[in-house]
Amino acid sequence: MSEPTTPVTEGSPFFLVLFLIPCALTYIPGLGFIPGAYIILYALMIVACYFRGRAINKIWLILFPVLAALFDIVPLLNFIPLVPTLMNIAAIVTGLRNRSNNS
């Protein structure tokens with residue numbers, strides 16, 4: 001008998017690759033980080049949270065990436081530490097919970 005297979009995310013660098021792709025897209029050696037790329041990535045996160053929020057009946061899920069983008073891109077707000085990170089984590093955790101508000 002063969003051993004049961006494990007999911008792709010378990011025991012593989014799947015999450016590391018998902019972290020490195022946006023980092024690679026927003027950094028140019030010698031020039032530094034590109035703010036325009038952050039705007040594009042946040043726009044993708046907002047769209048993803050919009051569709052996920054509609055699918056699980058939590059349309060307010062879109063607020064997390066919007067707040068994260070504001071605290072990451074707007075001057076003076078970007079000096080407040082960890083707010084974008086916490087908002088992104090909250091969006092992921094809330095989006096992964098598959099319960100709707102109607103239950």
Side-chain angles (χ1 to χ4, degrees):
M1 279 195 179
S2 64
E3 294 182 21
T5 59
T6 58
V8 174
T9 58
E10 190 174 307
S12 68
F14 182 71
F15 290 112
L16 179 64
V17 170
L18 286 180
F19 172 74
L20 290 177
I21 289 173
C23 289
L25 292 175
T26 60
Y27 183 76
I28 295 177
L31 295 178
F33 290 98
I34 307 167
Y38 276 123
I39 294 170
I40 293 169
L41 290 173
Y42 272 118
L44 290 173
M45 284 192 285
I46 289 168
V47 169
C49 283
Y50 172 75
F51 284 114
R52 180 61 182 162
R54 283 185 52 155
I56 63 173
N57 200 21
K58 293 180 180 178
I59 205 69
W60 50 265
L61 186 64
I62 197 171
L63 292 176
F64 291 123
V66 169
L67 288 174
L70 287 175
F71 277 92
D72 205 11
I73 295 172
V74 174
L76 296 178
L77 285 179
N78 59 2
F79 288 114
I80 302 172
L82 295 177
V83 173
T85 303
L86 293 175
M87 290 292 115
N88 290 330
I89 290 172
I92 292 170
V93 170
T94 307
L96 287 177
R97 295 177 68 202
N98 201 11
R99 291 181 288 187
S100 66
N101 291 337
N102 296 335
S103 60

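Fair warning: this is a prediction, and the values are worked out from it, not measured in the lab.
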(message) For the CD1 atom of Ile46 and the CG atom of Leu41, what is their distance to the nearest 0.5 Å?
(response) 11.0 Å
Below 3.5 Å, can you tabulate the donor-acceptor pairs from side chains in residues 66-86 to any protein atom, sequence neighbours excluded?
from, atom 1, to, atom 2, distance (Å)
Asp72, OD2, Tyr42, OH, 2.9

(message) Are Ile62 and Val47 connected into the same hydrophobic cluster when the rule is that any two of I, L, V, M, F, W, Y join if their side-chain heavy atoms are below 4.5 Å apart?
(response) yes
(message) Taking the side chain as everything from C-beta on, heavy atoms only, tell me whether Leu61 gets closer than 4.5 Å to Tyr50.
(response) no
(request) First locate atom CD1 of Ile56, then atom CZ of Phe51, and finally report the distance between them rounded to the nearest 0.5 Å. (result) 14.0 Å
(request) Verify the cluster assignment for Val93 and Met87: are they in a single hydrophobic cluster under the rule of side-chain heavy atoms below 4.5 Å apart? (result) no
(request) Give, for atom CD1 of Ile92 and atom CZ of Arg52, the distance between the pair rounded to the nearest 0.5 Å. (result) 12.5 Å
